[in-house]
Each structure stands twice: as structure tokens, then as C-alpha cells.
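These notes are about the structure you will find just below.
Along the sequence shown, residues carry numbers from 1.
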Amino acid sequence: MEAEVIERPELLPPLTLAYVGDAVYELYVRQHLLVSGKIRVKGLHEAAVSYVRAGAQAAILREFLPGLSELEQEVVRRGRNAKGQNPRRIDPAEYAMATAFEALVGYLHLAGHHQRLGALLAEAVHLLERSPGV
């Protein structure tokens, strides 16, 4: 199922982009885990959490920053600076970077840049699997 492409998604509020990006990334991670052979629900959930936690997303984004286009960097900047509610047990800077990562994923998805999105998500998962505990 392909989503409709939204004209100028970079103009959407960054928390809206992050909302979509969170869902897209979570689905990607879940599919990746199934393909890699994990089938027990408890194990799936625990594994998925290690990929989608704020610290992991922030680490991924730090690795990606140098290779992002100017527009992608602008989406990231807006996502990082977005004012929302920070969970209590998470470092605000880590949470801001995780929100920026999700905003980037949401932007790429809504803009219809599926090849770029797929490449970044595959690299994100590869990065986390190379460096457990990131």
C-alpha cells in the first residue's frame, strides 16, 4: 500500500512529520525482525524496543547528519527544535534528536522518497546491529 504523496511535506509541522515517521520506522523495524526470524511476540517486542528507543534513534541520526541533503537537514533542524512534551526518564537532548529522526522519516515517506527512505532505514538497522547498545 503506497501512501499518497503530500505536496511540500517539509512545510508540515515537525511534530506531525515525527508522528508519521514514528509509525513508519516502527513498522519497518517490525518487518525487519520478522524477516530475520524472530517470531515469538515477547521477543519481537523486546527487540523492537531496542531499535526504536530514543537513544538508538538519536545515535542513528548523528551518523546520518553529514550525508543528508540541505532540505533533509532543515527538516531535522525543525524536528530537533520542535516543542513537545519530553518524557521524564529521557534526556531532553536525546529526545529532541529522536524526534528529529522521526521527522526526517516522516518527511521522506510523505514526500514519496521511498528509495531514499528505504536506504536510510536499512542503514539504520544495520548500524544498530553492528553496534548493540547504541
Side-chain angles (χ1 to χ4, degrees):
M1 172 175 81
E2 288 290 319
E4 260 186 67
V5 173
I6 294 181
E7 193 172 323
R8 307 281 322 257
E10 68 274 11
L11 299 179
L12 289 171
L15 293 178
T16 300
L17 293 174
Y19 172 76
V20 171
D22 176 62
V24 170
Y25 181 57
E26 175 98 20
L27 181 58
Y28 183 89
V29 166
R30 288 178 181 206
Q31 288 176 321
H32 171 76
L33 292 172
L34 287 173
V35 168
S36 65
K38 296 195 185 303
I39 56 172
R40 294 185 45 143
V41 174
K42 183 177 183 195
L44 283 170
H45 176 71
E46 290 170 357
V49 167
S50 72
Y51 287 83
V52 301
R53 64 184 179 74
Q57 291 179 354
I60 292 165
L61 184 59
R62 284 188 197 95
E63 289 289 321
F64 285 176
L65 280 173
L68 298 179
S69 71
E70 284 185 38
L71 180 54
E72 291 168 342
Q73 288 182 18
E74 177 61 18
V75 169
V76 164
R77 184 193 64 75
R78 290 180 58 231
R80 189 178 53 239
N81 293 334
K83 301 297 180 219
Q85 290 188 328
N86 290 343
R88 285 186 224 182
R89 295 180 303 260
I90 299 174
D91 173 54
E94 290 284 290
Y95 190 74
M97 288 295 282
T99 300
F101 171 76
E102 291 174 346
L104 175 63
V105 171
Y107 161 73
L108 292 171
H109 176 74
L110 293 173
H113 299 310
H114 299 294
Q115 188 172 356
R116 173 74 168 149
L117 176 61
L120 287 178
L121 293 180
E123 179 58 28
V125 165
H126 184 67
L127 172 68
L128 293 176
E129 291 173 345
R130 273 195 330 250
S131 307
V134 170

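- Using cut-offs of 30° and 60° for the angle between ring planes, the Phe101 and Phe64 rings count as tilted.
- For Tyr51, the side chain to side chain donor-acceptor pair (under 3.5 Å) partners at least two apart in sequence or on another chain are Glu129.
- Taking all atoms of both residues into account, the shortest heavy-atom contact from Leu127 to Ala59 is CD2-O, 4.3 Å.
- Rounding to the nearest 0.5 angstrom, the gap separating the CG atom in Leu65 from the CG atom in Leu104 is 9.0 Å.
- Ring geometry for His113 versus Tyr107: interplanar angle of 30 to 60°, hence tilted.
- Between atom CD1 of residue Ile60 and atom CG of residue Leu120 there is a gap of 10.0 Å, rounded to the nearest 0.5 Å.
- Between atom OG of residue Ser50 and atom NE2 of residue His45 there is a gap of 10.5 Å, rounded to the nearest 0.5 Å.
- Between Glu70 and Arg77, no side-chain nitrogen of the basic residue sits less than 4.0 Å from a carboxylate oxygen of the acidic one, so the salt-bridge criterion is not met.
- A distance of 11.0 Å separates CD in Gln57 from CE in Met97, rounded to the nearest 0.5 Å.
- Ile6 and Leu15 fall into different hydrophobic clusters, defined by Ile, Leu, Val, Met, Phe, Trp and Tyr side-chain heavy atoms under 4.5 Å apart, directly or through other members.
- Residues Leu34 and Leu121 are members of one and the same hydrophobic cluster, defined by side-chain heavy-atom contacts under 4.5 angstrom among Ile, Leu, Val, Met, Phe, Trp and Tyr.
- The OH atom of Tyr19 sits 14.5 Å away from the OG1 atom of Thr99 when rounded to the nearest 0.5 Å.
- Scanning both residues, Val29 and Ala48, for their nearest heavy atoms gives CG1-CA, 3.9 Å.
- Pairs of residues two or more places apart, or lying in two chains, that qualify as salt bridge (Lys or Arg N to Asp or Glu O under 4.0 Å) and include a residue from residues 107-120 are Glu72-Arg116.
- Within the structure, salt bridge (Lys or Arg N to Asp or Glu O under 4.0 Å) contacts touching residues 7-24 (residues at least two apart or in different chains) are Arg8-Glu10.
- Atoms CG and CG, from Leu71 and Leu108 in turn, are 9.0 Å apart once rounded to the nearest 0.5 Å.
- Minimum interatomic distance between Val105 and Tyr25 (heavy atoms only, all atoms of both residues): CG1-N, 4.2 Å.
- Heavy-atom minimum distance, Val75 versus Ala103: CG1-O, 3.7 Å.
- Checked by atom type and distance alone, the side chain of Arg78 pairs as donor or acceptor with a backbone atom of Leu12 at under 3.5 Å.
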